[in-house]
Amino acid sequence: MNLAWKEMKKNKVRFLILGSIVFLVSLLTFIISGLANGLSQDNASLIKDLPDGYFYMNADADETFNLSKIDSSAQKKLLNDQKDAMALSIQMGFLNDEQGKQQSVAFVTSTGSNLFKDVKAGEVWLDRSLEDKGIKVGDTLTNNQFSGEFIVKGFVEQTKFSHAPVAFINIENYKEIYRVEEMQLVFAPGEDQAEEVNGLQAFSKKQFLNSIPSYNAEQMSLNMIVWFLVVISGMLFAIFFYMMNVQKIGLYGILKAIGLKTSKLFRMMWTQMIFITGASLALSIAFSQIFNMIAPKEMPFSLPMETTAQLSVVFLIIGFIGATLSGIQIKKVEPLHAIQQGEV
């Protein structure tokens, strides 16, 4: 420990440069991870906020929920067999406000369930983001495919689908707008195993989310960038410590010649890695959490401490692996041969 600290004080510029790079890479990783989480919520919080369970859709729908039509007999069987199960439908559409301006929404309707709002005919519950656009409780909204009017009964928090605010409406109103009788999906919460129903295909919540094309493509791209940055950080440690070790071959030879064990040299390197990574991560966590608090409300950004802690552990593990791989040459150092190479 003392030896590691002395070397860092002697070569503080080198270690400061490495720490700065790790800080920037980790900060960028946290920011992109926050954007990925924020976009995930903005894209599918309606589904993500549901409890674990299974979604059932028509097996002929080619895993595309908006092409699915659940047969009434299959729907009745699932609703009777599964406690708290509900049938639901989701379709993109729009509402006209009192000024005649169209607001894009995702219409959602369901059979009776405590998971969604119980909406009466002619009523609508909206995501709160529409309140920022001037819509208030009691406002009258219309839709070109609906013969009546919708009265705004209230707002729900952070409930979106496909980056559009959700509008909960009554089943009969939904059927009139979209000229359909069948529901698209059945959701059964709290199942250990999906029930087999003829003509239906079951999806876990994660599988259903990945079946949504916009969600899957968006998250895959952002997560690939996050893990690419994590790998880069490991390579930085490996390259930095490799170059440092090459320059200190002679020193290692002398230390080994006077009886210092290879394990102590590795511990010295690991101590330096942990100190640099820990300090850099502490700064990047602080900056990313500050950004999380001051980010504009319109920006889909969410960086919970759980995600930050997980990424921090991954950075430490990757740093440890990178530093260890670069230190393999320490084990191979022969004292006499290394001393003959000379030391600066």
Taking all non-hydrogen atoms of both residues into account, name the closest pair between [X] and [Y] and its distance.
| X | Y | result |
| --- | --- | --- |
| Lys136 | Val152 | O-CB, 3.6 Å |
| Asp139 | Gly134 | OD2-O, 3.9 Å |
| Gly154 | Trp125 | C-CE3, 3.4 Å |
| Asn37 | Ser302 | CB-O, 3.1 Å |
| Ser40 | Tyr215 | OG-OH, 3.2 Å |
| Gln207 | Ser204 | OE1-N, 2.9 Å |

Check the surroundings of atom [atom1] in [X]: do more than 12 heavy atoms from other residues, nucleotides or ligands lie under 6.0 Å from it?
| X | atom1 | value |
| --- | --- | --- |
| Lys153 | NZ | no |
| Asn198 | CG | no |
| Lys48 | NZ | yes |
| Phe275 | CZ | no |

Quiz item: When Phe228 is tested against each of Ile232, Val226, Ile225 for side chain to side chain contact (heavy atoms under 4.5 Å, CB included), which residue passes?
Solution: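 That would be Ile232.
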Flag side-chain contact, heavy atom, 4.5 Å: [X] against [Y]:
| X | Y | result |
| --- | --- | --- |
| Val124 | Asn170 | no |
| Tyr54 | Val186 | no |
| Ser312 | Ile285 | yes |
| Trp227 | Thr29 | no |
| Leu185 | Ile70 | no |
| Asn43 | Lys160 | no |
| Gln103 | Leu130 | yes |
| Ile151 | Thr140 | yes |

Quiz item: Among side-chain atoms of Asn96 and Asn144, is any donor-acceptor pair under 3.5 angstrom?
Solution: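 Yes, because at least one side-chain N or O of Asn96 sits under 3.5 Å from a partner of the opposite role on Asn144.
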Quiz item: Is the closest side-chain donor-acceptor distance between Gln41 and Gln158 under 3.5 Å?
Solution: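 The criterion, which ignores hydrogens and geometry beyond distance, is not satisfied for Gln158 and Gln41.
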Self-check item: Stepwise side-chain contact (heavy atoms from CB on, under 4.5 Å) test for Glu182 and Ser72
Solution: CA-CA 7 Å; Glu182 302 89 351; Ser72 58; over 6 Å; no
Any donor-acceptor N/O pair, [X] side chain to [Y] backbone, under 3.5 Å:
| X | Y | value |
| --- | --- | --- |
| Asn292 | Ser288 | no |
| Ser284 | Leu281 | yes |
| Asn216 | Leu209 | no |
| Asn223 | Gln219 | yes |
| Asn58 | Leu200 | no |
| Ser280 | Thr277 | no |
| Ser26 | Val22 | yes |
| Thr142 | Glu149 | no |
| Asp62 | Thr64 | no |
| Asp127 | Thr159 | yes |

Quiz prompt | Stepwise side-chain contact (heavy atoms from CB on, under 4.5 Å) check, Phe94 with Val105 | solution = CA-CA 5 Å; Phe94 64 88; Val105 297; 5.5 Å; no
Quiz item: Apart from Val231 itself, which Ile, Leu, Val, Met, Phe, Trp or Tyr residues share its cluster (side-chain heavy atoms under 4.5 Å, direct or through members)?
Solution: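 Met235, which link up through side-chain heavy atoms under 4.5 Å apart, make up the rest of the cluster.
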Exercise. Name all residues meeting the salt bridge (charged side-chain N to carboxylate O under 4.0 Å, His left out) criterion together with Glu131; count only those two or more places apart in sequence or in a different chain, and write none if there are none.
Key: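 Applying salt bridge (charged side-chain N to carboxylate O under 4.0 Å, His left out) to Glu131 gives Arg128.
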Quiz prompt | Pairing residues for Glu306 by the salt bridge (charged side-chain N to carboxylate O under 4.0 Å, His left out) criterion, not counting sequence neighbours | solution =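 Expected list: none.
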Verify same cluster id: [X], [Y] (apolar side-chain graph, 4.5 Å):
| X | Y | answer |
| --- | --- | --- |
| Val180 | Met183 | no |
| Phe150 | Val137 | yes |
| Ile171 | Leu79 | no |
| Phe65 | Met92 | yes |
| Phe161 | Met57 | yes |

Is the [X] to [Y] ring centre distance short of 6.0 Å?
| X | Y | answer |
| --- | --- | --- |
| Phe55 | Phe203 | no |
| Phe168 | Phe116 | yes |
| Phe320 | Trp270 | yes |
| Phe287 | Phe291 | no |

About how many Å separate [atom2] of [Y] and [atom1] of [X], when rounded to the nearest 0.5 Å?
| X | Y | atom1 | atom2 | answer |
| --- | --- | --- | --- | --- |
| Leu39 | Ile32 | CG | CD1 | 11.5 Å |
| Met273 | Thr324 | CE | OG1 | 6.5 Å |
| Ile177 | Asn143 | CD1 | CG | 4.5 Å |
| Lys69 | Ser89 | NZ | OG | 10.5 Å |
| Leu78 | Phe187 | CG | CZ | 12.5 Å |
| Leu115 | Leu46 | CG | CG | 10.5 Å |

Quiz prompt | All side chain to side chain donor-acceptor pair (under 3.5 Å) counterparts of Ser110, not counting sequence neighbours | solution =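 Once residues adjacent in sequence are excluded, Ser110 has no partner under the side chain to side chain donor-acceptor pair (under 3.5 Å) criterion.
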Exercise. For side-chain contact (heavy atoms from CB on, under 4.5 Å), just list the numbers for Met305 and Gln289, CA-CA rounded to whole Å, side-chain angles, deciding distance to a tenth of an Å, and then say yes or no.
Key: CA-CA 8 Å; Met305 284 305 298; Gln289 289 302 315; 3.6 Å; yes
Practice problem: Name all pairs fulfilling the salt bridge (charged side-chain N to carboxylate O under 4.0 Å, His left out) condition that reach into residues 81-98, sequence neighbours left out, sorted by first residue then second. | Solution: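 Passing the test, one end in residues 81-98: Lys77-Asp81.
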Quiz prompt | Pairwise salt bridge (charged side-chain N to carboxylate O under 4.0 Å, His left out) hits with a residue in residues 196-205, at least two apart | solution =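 For residues 196-205, and leaving out neighbouring residues, the salt bridge (charged side-chain N to carboxylate O under 4.0 Å, His left out) pairs sorted by first residue read Asp52-Lys205.
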Practice problem: Output, in order, the C-alpha distance, side-chain angles, deciding distance and verdict of side-chain contact (heavy atoms from CB on, under 4.5 Å) for Phe107 and Val166. | Solution: CA-CA 6 Å; Phe107 284 113; Val166 161; over 6 Å; no
